[in-house]
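Note that these values count all heavy atoms, side chains included, but never hydrogens, waters or copies made by symmetry. In the text below, chain A, chain B and the rest are named by the order of the sequence lines, each starting its count at 1.
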Number of protein chains: 2
Amino acid sequence: MPRDLRMSRILHVLIHMDRHVERATSEQISKMISTNPVVVRRLMGGLRDRGIVTSEKGHGGGWKLSRPLTEVTLRDVYDAVGAPPLFNIGPHAEPSECLVEKAVDAQLDASLSEAEVRLLAQFSTISVESLARDFEDRFARMQQDGRGAPNTPNPHTGFHRLAGKS
Amino acid sequence: MPRDLRMSRILHVLIHMDRHVERATSEQISKMISTNPVVVRRLMGGLRDRGIVTSEKGHGGGWKLSRPLTEVTLRDVYDAVGAPPLFNIGPHAEPSECLVEKAVDAQLDASLSEAEVRLLAQFSTISVESLARDFEDRFARMQQDGRGAPNTPNPHTGFHRLAGKS
DNA sequence: AAGACATGAAACTTGGAATGTTACGTAAGC
DNA sequence: GCTTACGTAACATTCCAAGTTTCATGTCTT
């Protein structure tokens with residue numbers, strides 16, 4: 001339903017890099033998230049500027065995590081992709097002359113701002129590592145309970161088989 | 001910053017109708033919010049379907065409030081405009097084959113869903129009347145404190161001068 | 001030094017959603 | 001019968017994320 005997929009995509013990439021590959025080129029990463037190398041560079045550029053990943057040119061170059069995912073929060077990722085508008089609804093951008101409109105916009109904005117603060121605060125408390133681990137735990141439990149999910153071994157590039165032996 | 005202005009516009013219209021005009025045509029309303037009569041009909045159609053306003057055709061027709069704004073919540077308005085996606089960010093629509101991606105999307109969706117439930121719950125507690133009154137109170141206070149805001153008498157169609165004598 | 005491999009960045013195209021617009025149909029009042 | 005107004009379909013416009021093309025820059029290998 002939503003629109004801006006950048007956060008979702010970056011999280012996807014970060015976890016793959018942590019779990020499966022030490023160093024990855026934009027080309028390789030673009031296959032993970034089914035897109036173009038240039039799009040990957042745009043996304044990763046924000047992460048590099050914030051010290052979450054490093055990039056190296058030339059032969060053997062590519063992207064590497066520069067700190068453990070325990071030290072990267074959802075808030076960091078959100079900021080790294082440019083802190084796009086959280087909400088799809090809201091008041092006008094430019095203020096109006098109309099007092100009623102200004103009143104409505106101010107009140108509506110107050111509700112949304114409060115919700116935004118809360119959500120971003122929650123993002124700050126969630127590390128990418130814990131996000132990945134939550135899932136892996138649940139998946140492992142399913143696995144050992146009566147007949148787990150399919151565990152289809154069909155990844156993008158040959159990686160995968162998450163949450164087996166760690 | 002945001003995109004979907006429908007809620008903001010409808011609130012604007014509802015308060016104007018309650019405060020200033022008993023009955024208004026799509027033409028008149030369109031001038032309030034600087035748009036087209038057809039756009040107004042689209043917006044108001046949702047309200048009519050939910051019993052918030054009534055419409056009448058022909059001479060002397062137009063739109064009227066069918067219940068007091070004390071009995072219309074922000075949630076009602078949100079639903080009436082089609083309950084558009086609240087968030088601008090989020091995971092993909094179609095599920096992926098990749099387990100990592102599914103994990104990321106599920107976790108991200110969980111955070112967003114929780115925030116959505118909270119925000120909509122809050123919308124349910126706020127009536128359009130109280131939203132308007134909050135502003136009017138604050139405005140009146142500014143007015144009597146040392147020299148209030150300009151109180152510019154320049155509305156859309158000649159209405160206005162909110163929060164004077166009620 | 002030459003060539004291959006990567007990132008960096010600018011410029012343009014594409015696609016979807018809200019909005020704006022035009023046109024026509026239907027109902028109500030004069 | 002004519003004007004007024006809503007109801008609706010169809011199309012145009014605008015905005016932004018995403019996709020794409022192209023070239024420049026830096027780095028490793030031979």
Are any of [X]'s side-chain N or O atoms less than 4.0 Å away from OP1 or OP2 of [N]?
X: R6(B); N: dA18(C); value: yes
X: T35(A); N: dG19(D); value: yes
X: S26(A); N: dA6(C); value: no
X: R41(A); N: dT7(C); value: yes
X: R23(B); N: dC6(D); value: no
X: R48(A); N: dG8(C); value: yes
X: S55(A); N: dG8(C); value: yes

Can you tell me the distance, in whole Å, between the [atom1] atom of [X] and the [atom2] atom of [N]?
X: E56(B); N: dT3(D); atom1: CD; atom2: P; value: 22 Å
X: N88(B); N: dA17(D); atom1: CG; atom2: P; value: 7 Å
X: K64(A); N: dT7(C); atom1: NZ; atom2: C1'; value: 16 Å
X: W63(A); N: dT7(C); atom1: CH2; atom2: P; value: 7 Å
X: D4(B); N: dC15(D); atom1: CG; atom2: C1'; value: 13 Å
X: I89(A); N: dT19(C); atom1: CD1; atom2: P; value: 11 Å
X: L5(A); N: dC16(D); atom1: CG; atom2: C1'; value: 12 Å
X: M44(A); N: dA6(C); atom1: CE; atom2: P; value: 15 Å

(request) Check every atom of dC6(D), dT22(C), dT19(C) against the side chain of N36(B) and return the nucleotide holding the closest atom. (result) dT22(C)
(request) For L43(B) and for G61(A), locate the closest nucleotide of DNA chain C by heavy-atom distance; then report the residue assigned to the nucleotide nearer the 5' terminus. (result) G61(A)
(request) Please figure out whether K57(B) or P84(B) has its closest DNA chain C nucleotide nearer the 5' end. (result) P84(B)
(message) Is any side-chain heavy atom of L43(B) closer than 4.5 Å to one of T35(B)?
(response) no
Where the side chain of [X] meets the backbone of [Y], is there a donor-acceptor pair that is under 3.5 Å apart?
X: D76(B); Y: T73(B); value: yes
X: S113(B); Y: D109(B); value: yes
X: R41(A); Y: S26(A); value: no

(message) At less than 3.5 Å, do the side-chain atoms of R42(B) and the base atoms of dG7(D) form a donor-acceptor pair?
(response) no
(message) Let's test your reading of the model: under 3.5 Å, does the base of dG15(C) pair with the side chain of R3(A) as donor and acceptor?
(response) no
(request) Assign each of R9(A) and G58(A) to its nearest nucleotide of DNA chain D by heavy atoms, then name whichever residue's nucleotide is nearer the 5' end. (result) R9(A)
(message) Nearest heavy atom decides the nucleotide; on that basis, is H59(A) or V38(A) closer to the 5' end of DNA chain D?
(response) V38(A)
(message) Less than 4.0 angstrom from a charged side-chain N to a carboxylate O is my criterion; do R133(B) and D137(B) meet it?
(response) no
(message) Need one value for G62(A): base, sugar-phosphate or nothing, where a base atom within 4.0 Å counts as base even if backbone is also close, heavy atoms only.
(response) sugar-phosphate
(message) Set out, in order, the CA-CA distance, both residues' side-chain angles and the distance that settles side-chain contact (heavy atoms from CB on, under 4.5 Å) for V13(A) and M44(A), then state yes or no.
(response) CA-CA 9 Å; V13(A) 169; M44(A) 300 296 280; 4.2 Å; yes
